[in-house]
Amino acid sequence: MKKLCMENFGINKLVDVRTVTEKGDDLVLNATSAECEALAKRFDVPKILSLTVSGRLFWDDIVVFEGVIQSEQERICAVSLESFIEKTSEPFRLLFSDMPGKESPEMDVDEDIVLPVVHGKINLGEAIAEEFGVNLNPFPRKTTEPFEYIDNEPDEKEENTNPFSVLKNLTLKK
């Protein structure tokens with residue numbers, strides 16, 4: 001087993017899967033500040049401070065990458081609109097095949113999206129960027145910020161003032 005360390009993964013980080021060893025390869029990928037800036041702009045995040053991916057690339061009838069995305073980013077609280085730092089650590093799994101849809105029946109790929117292997121290479125950087133974007137919280141909230149549920153059910157007084165409540169009291173005159 002060899003361990004590959006890449007200084008950055010880039011949006012177009014192509015990995016030649018033909019070089020993956022029989023036992024698999026451990027990968028550690030770190031985004032540069034320029035890549036963090038590009039991803040922040042792409043996913044409308046004020047600032048991504050760090051992004052690291054560590055995982056294992058191996059063969060199992062198809063190419064599999066299992067890993068963890070760890071990131072630290074500046075976010076805007078959806079409740080208070082204040083800036084705060086959010087740390088995330090999300091496990092994920094990516095599947096790649098040179099013939100998507102032709103996986104062996106033993107593989108359980110019904111729930112997973114199988115990404116293409118093109119000329120023996122996979123675009124691991126783009127797949128990781130998409131996974132990062134999918135895992136971003138669409139409604140970020142500071143952990144110290146309370147979240148209150150407000151019941152908007154109308155009470156009886158509001159029902160009587162409803163403009164349509166008059167219609168139920170009308171009768172047809174002949």
Exercise. Given the rule in the side chain to side chain contact (heavy atoms under 4.5 Å, CB included) test, do Ile85 and Leu49 qualify, once you have shown the distances and angles that lead to the verdict?
Worked result: CA-CA 9 Å; Ile85 302 298; Leu49 304 170; 3.6 Å; yes
Exercise. Stepwise, does the side chain to side chain contact (heavy atoms under 4.5 Å, CB included) test hold for Asp98 with Val17?
Worked result: CA-CA 10 Å; Asp98 55 352; Val17 296; over 6 Å; no
Exercise. What distance do Ile48 atom CD1 and Leu39 atom CG have between them, rounded to the nearest 0.5 Å?
Worked result: 5.0 Å
Problem set entry | Pairs satisfying ring pair (Phe, Tyr, Trp, His ring centres under 6.0 Å), at least one member in residues 58-79, at least two apart | Phe65-Phe92
For this session: Indicate yes or no: at least one non-hydrogen side-chain atom of Ile69 is less than 4.5 angstrom from one of Leu51.
Result: yes
Problem set entry | Under the side chain to side chain donor-acceptor pair (under 3.5 Å) test, residues paired with Glu74 that sit two or more places apart | Ser83
Exercise. Stepwise, does the side chain to side chain contact (heavy atoms under 4.5 Å, CB included) test hold for Ser54 with Leu27?
Worked result: CA-CA 6 Å; Ser54 56; Leu27 299 174; over 6 Å; no
Problem set entry | Beyond-backbone contact of Glu35 with Asn30, side-chain heavy atoms, under 4.5 angstrom | no
For this session: With sequence neighbours excluded, tell me which residues meet side chain to side chain donor-acceptor pair (under 3.5 Å) with Glu130.
Result: none
For this session: Considering only Ile, Leu, Val, Met, Phe, Trp and Tyr, and joining two whenever side-chain heavy atoms are under 4.5 Å apart, list the other residues clustered with Val118.
Result: none
Exercise. Do other residues, nucleotides or ligands put more than 12 heavy atoms under 6.0 Å from Glu37 CD?
Worked result: no
Problem set entry | Main-chain N/O of Asn137 paired to Arg75 side chain as donor or acceptor, under 3.5 Å | yes
For this session: Looking only at non-hydrogen atoms, find the nearest pair between Ser71 and Phe132 and report the distance.
Result: OG-CE1, 3.6 Å
Exercise. With the threshold set at 4.0 Å, does a side-chain nitrogen-carboxylate oxygen contact exist between Glu86 and Lys47?
Worked result: no
Problem set entry | Listed partners of Ser33 passing side chain to side chain donor-acceptor pair (under 3.5 Å), at least two apart | none
Problem set entry | Residue pair Phe96 / Pro116, side-chain heavy-atom distance below 4.5 Å | no
For this session: Could I get the full list of side chain to side chain contact (heavy atoms under 4.5 Å, CB included) partners for Ser50, not counting sequence neighbours?
Result: Glu72
For this session: Check Pro46 against Ile76 and note the closest heavy-atom contact, atom names and distance.
Result: CG-CG1, 3.8 Å
Problem set entry | Check ion pair Asp26-Arg56 (N to O, under 4.0 angstrom) | yes
Exercise. Is there a salt bridge (charged side-chain N to carboxylate O under 4.0 Å, His left out) between Glu126 and Arg42 once you walk through the steps?
Worked result: CA-CA 12 Å; Glu126 177 60 26; Arg42 177 177 175 178; 2.7 Å; yes
Exercise. Is there a side-chain contact between Ser89 and Val68 (heavy atoms, below 4.5 Å)?
Worked result: yes
Exercise. Is the backbone N or O of Cys77 less than 3.5 Å from a side-chain atom of Ser80, with the two atoms forming a donor-acceptor pair by type?
Worked result: no
Problem set entry | Backbone of His119 reached by a side-chain donor or acceptor of Arg18 within 3.5 Å | yes
For this session: With the side chain counted from C-beta on, respond yes when Thr88 and Asn135 share a heavy-atom pair under 4.5 Å apart, and no when they do not.
Result: no
Problem set entry | Student check: side-chain heavy atoms of Asn123 and Val15 closer than 4.5 Å | no
Exercise. So do the side chains of Leu29 and Thr52 get within less than 4.5 Å of each other, counting heavy atoms only?
Worked result: no
Problem set entry | Nearest heavy atoms of Leu94 and Ala127, plus distance in Å | CD1-CB, 3.7 Å
Exercise. Yes or no on side chain to side chain contact (heavy atoms under 4.5 Å, CB included) for Gln73 and Leu136, after CA distance, side-chain angles and deciding distance?
Worked result: CA-CA 10 Å; Gln73 56 270 343; Leu136 276 175; 4.2 Å; yes
Problem set entry | Heavy-atom side-chain contact between Leu115 and Val63 under 4.5 Å | no
